[in-house]
Amino acid sequence: MATTALKLAKLDGKPEIFHTLQGEGVSMGVPSVFVRSSLCNLHCTWCDTDYTWNWEGTPWTHETGVKYSKQDYIVSLEPGEVARLVTSIGKGCKNVILTGGEPLLQQTAWSEMIRHLRALDPQYRFEVETNGTQIPDEFMSEAIDQWNVSAKLSNSGNDEKLRIKPDALRYFVSRENAWFKFVIQTAEDLTEVQQLENDYAIPKAKILLMPEGRTETSLQQKRLWLADICRDQGYRFSDRLHIQLWGSKRGV
Ligand code: SF4
């Protein structure tokens, strides 16, 4: 059977696959192997993985003003090879997180990688970090254990038509194993979250609010303010554990 190569982010000349603790969301703190795909259909101005999409010669803007050479930041690998790297880098860790970029742009290739890993050990567990704009195919719907859906608000700088795809959002709301994480900068963002919560009937208990920030200093400025809001309004709070532990260093 022909295979479809996975386009992964490249870090220090190697595919960005690393063994660490899940830093955000409902599995925060769980030992995990991250596999970072390249490419994204959105272009958030504060994105902390803009090396997956903000190529030289494209019109997208980012708050850092930095552009990336596509050939220096993408590597294509066969799904079987990615599975082999997950087993060797993960040293037995069975919680695998497909992230990006937007991983659901490459569902066929991920499906092949998942088949390889589950053939080795059915205990492998998969989480997907998605922006919630793509509907998973049948295989992915069945195979993924946890959807971490981070639908984007207007603070991301994306046009609403691009960042909110009603059919995709309804799909995730219908799934027991989906959680909704919103990146919060200001009080206006909370009004948008409440609107989405009402429009799409997202259960409040499945909504996590997370302060925006790529450094510990910027997170600290919003953390206590947002924690109080979560307590008073019944949302779950998510920190960014990896920033606390390792700052903005990649691949840890
Ligand atoms: S959706 Fe995620 S990966 Fe894509 S630009 Fe926004 S923050 Fe970055």
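In each ligand, atom 1 is the first atom listed, and ligand 1 is the first ligand listed. Note that the structure is predicted; figures quoted are calculated from it, not measured. Just so you know, residue 1 is the first one in the sequence shown, and it goes up from there.
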Checklist entry - Are L209 and L196 grouped together when hydrophobic residues (ILVMFWY) are joined by side-chain heavy atoms under 4.5 angstrom apart? => result yes
Checklist entry - With sequence neighbours excluded, what pairs up with R175 under the salt bridge (Lys or Arg N to Asp or Glu O under 4.0 Å) test? => result none
Checklist entry - Quick one: do R84 and E81 make a salt bridge, cutoff under 4.0 Å? => result yes
Checklist entry - Protein N, O or S atoms at less than 2.8 Å from atom 8 (Fe) of ligand 1, how many? => result 1
Item to check | Partners meeting side-chain hydrogen bond (donor to acceptor under 3.5 Å, both in side chains) with S218 (sequence neighbours left out) | outcome: T215
Checklist entry - Below 4.0 angstrom, N of the basic side chain to O of the carboxylate: do K204 and E197 qualify? => result yes
Checklist outcome for this item: Note: with side-chain heavy atoms under 4.5 Å as the link, the other cluster members for W55 come out as L39, Y51, V66, Y68, Y73, I74, L105
